[in-house]
Amino acid sequence: MARDDTHRAIEAVFRIERARLIASLARMTRDVDRAEELAQDALLIALAEWPKSGVPANPGAWLTAAAKRRAVDGFRRSAMARRKHDELARDMDEADDSVAAIEAAIDDELGDELLGLIFAACHPVIAPDARAALTLRLVGGLTVEEIARAFLSNDATIAARITRAKKAIAKAGVAFEVPRGAELAARRASVLEVIYLIFNEGYAATAGPSLVRPPLCAEAQRLGRILTGLMPEEPEVLALLALMEIQASRLAARAGPDGKFVPLTEQNRARWDQLLIRRGLTALARVEALGGADGPYALQAALAACHARARRAGDTDWERIAALYDRLRQVMPSPVVELNRAVAHSMAYGPEAGLRLVDEIAEEAVLRNYAPLPAARGDFLFRAGRLAEARMAFEDAAKLAGNAREREWLLARADACGG
Amino acid sequence: MRVMVFVKATEDSERGIDPTPEMTAMFEAMGKFNEELVNAGVMVDGDGLKPSSAGKRIAFDGPNRSVIDGPFAETRELVAGYWVWEVKDMDEAVAWAKRCPNPMPGPSELEIRPFYEMEDFGDVVTPEIAAHEQMLRDKLAGQ
């Protein structure tokens with residue numbers, strides 16, 4: 001094999017091990033930057049040795065042992081902090097960090113260490129956008145450039161975000177451990193929020209020329225799969241994965257040939273990814289078996305599943321969707337959920353039902369300038385045959401619309417009301 | 001990227017499952033490897049296939065179709081199992097494949113093939129083709 005090929009092969013092995021390696025080193029040094037440096041050192045050692053010796057049977061254990069040896073050397077050399085680290089260095093000398101010993105410990109410990117790293121990167125002391133960047137860097141193994149491209153940002157901004165996140169972790173003295181007891185639920189919610197934020201950034205791109213950015217979705221799904229592998233009994237973890245798999249199944253159908261958004265009911269369902277739908281439905285069934293059907297992600301996944309199960313838009317079980325929204329508004333109250341609930345009820349029980357619900361929430365402050373509300377109202381009125389009122393509602397919506405394409409569409413609907 | 005990894009058949013796999021100690025050990029090692037794939041978020045799907053003696057082929061020649069019953073002779077061209085993996089690139093797929101325990105008692109082979117992605121199609125799927133697909137699907141659902 002040519003030298004470049006050998007290096008690429010070694011780097012690929014390293015990429016597979018990187019997150020676990022950093023997790024293990026971060027727990028030991030309590031310093032993410034140092035952990036990243038040590039991991040990088042281990043890669044350099046591997047690049048020097050593996051071309052001669054071949055890739056070891058357990059490369060993860062080998063890299064961990066090499067990095068830990070390097071860390072101990074570092075502790076010894078660091079004269080300034082000698083007093084503080086003497087004890088740690090002695091402990092580590094006494095500990096058996098041979099490849100064989102690490103290999104033996106690898107199964108139970110490293111999974112826990114990786115989980116600890118995920119929980120630290122998603123810690124609530126870090127701002128949400130910085131959590132996402134740090135998680136993609138440490139756990140996803142993306143480079144700063146890749147993250148910047150994914151978020152349509154620039155390298156300097158993302159690098160600064162990651163630095164801020166690391167400082168926040170250090171300042172708060174965050175342990176690279178899985179939290180226990182009462183803290184676990186809140187911290188887990190933060191982890192799920194970060195993963196879903198990454199997914200949505202890819203699924204409903206908030207900025208930029210393309211409507212969807214599939215690589216970001218794939219990365220979030222991968223994180224979700226890792227998390228379900230590590231926490232297989234947690235219903236909300238599985239539910240988030242189910243939700244992402246089902247939503248991602250529609251990526252190919254979401255944008256038309258002209259790049260325009262295609263609404264769910266008009267998508268070509270033949271282009272939905274049946275493998276992802278099957279994975280999503282299987283995960284959702286497991287959520288239900290674990291008794292977690294009532295969680296916020298579980299309810300959202302169940303909603304997504306209703307659409308996934310309908311071969312044609314006309315087959316959609318709107319009554320079930322309406323019932324799920326009735327429940328979701330209690331578990332996860334939000335004006336947007338209320339509006340979606342009104343739409344679901346209008347589809348299940350007719351436009352008058354939708355109108356009743358939408359009028360109940362019309363005074364909500366956050367919805368006052370929210371174009372979808374008068375747009376939905378216009379649609380209900382139109383379907384109820386109240387054309388003059390529908391026209392006014394569509395015109396109100398057009399005034400609030402965020403972009404030209406949406407405004408055009410709403411004015412066209414207003415025109416279709418005649419008058 | 002999504003890849004499919006084929007486990008190529010051998011004379012052993014074509015004989016079916018043999019409850020030998022070697023086979024048990026292989027299944028155990030494979031279970032561990034699969035668990036690693038799951039925990040790394042790489043595994044999307046995967047399964048084993050029965051020997052080709054349980055299979056059939058449909059041969060096309062112009063308008064004609066004929067059915068050929070297994071087993072099929074060219075063992076090396078047959079598939080005994082598959083995975084679907086989500087990986088960053090082919091290098092990563094190769095690194096994972098190298099970690100797989102040998103799935104067969106003797107020499108054997110894995111083959112990695114990337115899926116087509118959305119952007120590979122470009123203009124191949126025209127709106128007309130898409131509309132036709134939808135019509136077929138509607139018909140199917142209406143039956």
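This one's a predicted model, so the numbers in the text were calculated from it and none came from an experiment. The basis for the numbers below is simple: all heavy atoms, side chains too, and nothing from hydrogens, waters or symmetry mates. Lettering follows sequence order; numbering is per chain, from 1.
Summarising the geometry of A:L276 relative to B:R2, their closest heavy-atom pair is CG-NH2, 3.4 Å, with the distance given to 0.1 Å. Across every non-hydrogen atom of B:A95 and A:I16, the tightest pair is CB-CD1, 3.6 Å. The heavy-atom pair separating A:A9 from B:K98 by the smallest distance is CB-NZ, 4.5 Å. Here the shortest heavy-atom pairing between B:V38 and A:G229 reads CG1-CA, 4.3 Å.
The number of heavy atoms from other shown groups lying within 6.0 Å of CD (B:E28) does not exceed 12. In B:E11, the CD atom is not crowded: 12 or fewer heavy atoms of neighbouring residues, nucleotides or ligands sit closer than 6.0 Å.
Contacts of A:P59 with chain B are made by side-chain atoms alone, with heavy-atom separations under 4.5 Å and no backbone atom involved. The part of B:M43 that comes within reach of chain A is its backbone (N, CA, C, O), which places non-hydrogen atoms under 4.5 angstrom from that chain. With a threshold of 4.5 angstrom between heavy atoms, B:V44 approaches chain A through its backbone and through its side chain. At a 4.5 Å heavy-atom cutoff, A:E245 makes no contact with chain B through either its backbone or its side chain.
A salt bridge links B:R99 to A:E17: at least one charged side-chain nitrogen sits closer than 4.0 Å to a carboxylate oxygen. Ion pairing between B:E86 and A:R279 fails under the 4.0 Å rule for side-chain N and carboxylate O.
Summarising the geometry, atom CG belonging to A:L275 is positioned 5.0 Å from atom CG belonging to B:D45; distances are rounded to the nearest 0.5 Å. Taken from CZ in A:R15 to CG in B:D89, the straight-line distance is 4.0 Å, to the nearest 0.5 Å.
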(message) Between A:R20 and B:E36, is the salt bridge (Lys or Arg N to Asp or Glu O under 4.0 Å) condition met? List the steps.
(response) CA-CA 12 Å; A:R20 281 169 178 248; B:E36 255 191 272; over 6 Å; no
Check residues 61-73 of chain B and write down every donor-acceptor pair under 3.5 Å in which the side-chain atom is one partner and the other belongs to a residue at least two apart or another chain.
{"unit_1": "B:R65", "atom_1": "NH1", "unit_2": "B:G62", "atom_2": "O", "d": "3.4"}
{"unit_1": "B:R65", "atom_1": "NH1", "unit_2": "B:P63", "atom_2": "O", "d": "3.1"}
{"unit_1": "B:D69", "atom_1": "OD1", "unit_2": "B:K56", "atom_2": "NZ", "d": "2.6"}

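Annotation: maximal heavy-atom pairing with chain B below 4.5 Å, among A:R278, A:E11, A:Q221, occurs at A:R278.
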